[in-house]
A.B. asks: 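This is the structure I have questions about; it appears just below.
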2 protein chains.
Amino acid sequence: MSVTLTEENYLKAIYHISQMTKTDVSTNAIAEKIDAKASSVTDMLKKLSDKGFITYIKYKGVNLTEKGRLTAVDIIRKHRLWEVFLVDKLNFSWDEVHDVAEQLEHIKSPKLIKELDAFLDFPTHDPHGDPIPDKDGQIKRTDKIILSKAEVGGTYKCVGVQDSSTDFLKYLDKHQIQIGTELTVKDIEDFDHSMTFTIHQHNMTMSKAITNNIYVKKLQ
Amino acid sequence: MSVTLTEENYLKAIYHISQMTKTDVSTNAIAEKIDAKASSVTDMLKKLSDKGFITYIKYKGVNLTEKGRLTAVDIIRKHRLWEVFLVDKLNFSWDEVHDVAEQLEHIKSPKLIKELDAFLDFPTHDPHGDPIPDKDGQIKRTDKIILSKAEVGGTYKCVGVQDSSTDFLKYLDKHQIQIGTELTVKDIEDFDHSMTFTIHQHNMTMSKAITNNIYVKKLQ
DNA sequence: TTTAATTTTTAGACAACTCTAAAAATATGT
DNA sequence: ACATATTTTTAGAGTTGTCTAAAAATTAAA
């Protein structure tokens, strides 16, 4: 009862969507994420249900079973470990890693991941600030908030991004924002909720479209 | 016009067989290597021929075109670089690397291989002593000979193996023979061509079945 | 050289995954 | 609540790569 590459991608997509929405995952949402037609998704959902990875009720949507969740989280663990490898050891920038990690995450070898984890010195977060699940599928909860919810006068540390599209990461690189960057909120515009910060001794303003995609942790 | 994983495996198999036999590669030989039926191979040969990777004459066998050779050699380059990574960085032993490298060799990312090559300090040989093709598909010829052809009194350095099955590599590990090990031929038995060596200040005897699978280079 | 054995190819079918088009179920608006 | 719009599922079909069984070509043997 092995898991095919395609099944793995579906499980990962379902996991990510359910993390977002906290409700039953719809066929259309999966179709959009996977970039396939809804009819193809329906076929696959039957298969995943037969194999015990999801609970599937027609027209109602799906949920991961514990078995499905563990499988999805294991793939995410591999993906994020490979991302650390690419950035720390092979000089990839954080906007270049995603496509390659997407391939590497499907390599099957428990020893490979165990040794890679040790070689990277047991990292807890990937280059985008997302936590790396441990080998038992536990994910460390972070007390991060979305930057758009920050308060005037507060100082925050950048811990991750919501959108990891190349375009967005390039924007951050251009403005020298990365994991660990500290920023202080100077002003919030009532009209469009654009925010002005002090970053690296400079002032800069970001639109809500930007601040909605950056996670920060408040510095006490 | 991309190359599927299956096509890559066929090209690699054809390359390896043609290196061995130096003649047209037969359908049955490929079927055995790939572990598929001859009829499946015939189907794939038509496809590879259509795509310009091989010249295929019905009932006569196949040969790689230059395009096919370059593709095969590129996969072998990736395979061997990954083997070096697994042994040098992730504590794999040389009998554990093959299956994982077989998966890793299909990852598509020119930057990944370029950076991995640099990270490993541009290795020229894999852990079994096989040469790593360079990025233009050139393979360094080694002046290695098969150990069974060595002469009494000569001193040789182990540079590679012919058979890289797990059983054989375990035999070598057990007797502490690896790439770089030096040995001096003390005696060759006329009857069965078994050979006695001095290795690590010890004497040991190997049957022809063993010496036929070890490559050595004569130390002048 | 003519028969027998072997190799290779063809024909037809199946599994995994995909699609389009149409039908069925659910949700929405007035 | 009833018509309309949206979502989801079914039905039928295509692609890639595999198989078995049988036919065709080649090679080996007597």
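Below, chain A is the first sequence line, B the second, and so on; all start at residue 1.
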A.B. asks: Is the shortest distance from a Lys or Arg side-chain nitrogen in A:Asp74 or A:Lys78 to a carboxylate oxygen in the other one below 4.0 Å?
C.D. replies: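 Salt bridge flag = yes for A:Lys78 with A:Asp74.
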
A.B. asks: Would you indicate, yes or no, if C:dT10 has its OP1 or OP2 atom less than 4.0 angstrom from a side-chain nitrogen or oxygen of B:Lys46?
C.D. replies: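 Yes, within the criterion.
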
A.B. asks: In whole Å, what is the span from the CD atom of B:Glu7 to the C1' atom of D:dT16?
C.D. replies: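 It is 9 Å, rounded to the nearest whole Å.
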
A.B. asks: Atom CG of A:Asp43 and atom P of D:dT15: how far apart are they, to the nearest Å?
C.D. replies: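 So the two atoms are 18 Å apart, to the nearest Å.
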
A.B. asks: Would you say the ring centroid of A:Phe85 lies under 6.0 angstrom from that of B:Phe85?
C.D. replies: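 For A:Phe85 and B:Phe85, the ring centres are under 6.0 Å apart.
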
A.B. asks: Please report, rounded to the nearest Å, how far the C1' atom of C:dA16 is from the CG atom of A:Leu5.
C.D. replies: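 Interatomic distance, CG of A:Leu5 to C1' of C:dA16: 12 Å.
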
A.B. asks: Distance check needed: D:dA24 P versus B:Tyr59 OH, whole Å only.
C.D. replies: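 After rounding, the reported distance stands at 9 Å.
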
A.B. asks: Please determine, for the side chain of A:Thr6, which listed nucleotide (C:dT18, C:dT10, C:dA24) has the closest atom?
C.D. replies: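 Per side-chain heavy atoms of A:Thr6, the pick is C:dT18.
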
A.B. asks: For the pair made of CE in A:Met44 and P in C:dA15, what is the distance, rounded to whole Å?
C.D. replies: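 Distance, rounded to whole Å: 16 Å.
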
A.B. asks: For residues 33-41 of chain A, which residues have at least one heavy atom under 4.0 Å from DNA chain C?
C.D. replies: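 Residues of residues 33-41 of chain A under 4.0 Å from DNA chain C: A:Ala36, A:Lys37, A:Ser39, A:Ser40.
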
A.B. asks: Which whole-number value in Å describes the distance from A:Leu45 CG to D:dT10 P?
C.D. replies: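 Rounding to the nearest Å, CG of A:Leu45 and P of D:dT10 are 11 Å apart.
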
A.B. asks: Would you call A:Glu8-A:Lys108 a salt bridge at under 4.0 Å N-O?
C.D. replies: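 Judged by the 4.0 Å cut-off on N to carboxylate O distance, A:Glu8 and A:Lys108 do form a salt bridge.
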
A.B. asks: For the pair made of NZ in B:Lys60 and P in C:dT7, what is the distance, rounded to whole Å?
C.D. replies: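 Distance, rounded to whole Å: 18 Å.
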
A.B. asks: Near DNA chain C, under 4.0 Å by heavy atom, which residues of residues 21-32 of chain B?
C.D. replies: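 Correct list: B:Ser26, B:Thr27, B:Asn28.
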
A.B. asks: Thinking salt bridges, do B:Arg80 and B:Glu83 make one under a 4.0 Å N-O criterion?
C.D. replies: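 No, this pair does not count.
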
A.B. asks: When the distance from CG of A:Asn9 to P of C:dA16 is rounded to whole Å, what number comes out?
C.D. replies: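 It works out to 17 Å between those atoms.
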
A.B. asks: To check you understand the geometry: which heavy-atom pair defines the closest contact between B:Asp117 and B:Pro123, and what is its length?
C.D. replies: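 So the two residues come closest at OD1-CD, 3.7 Å.
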
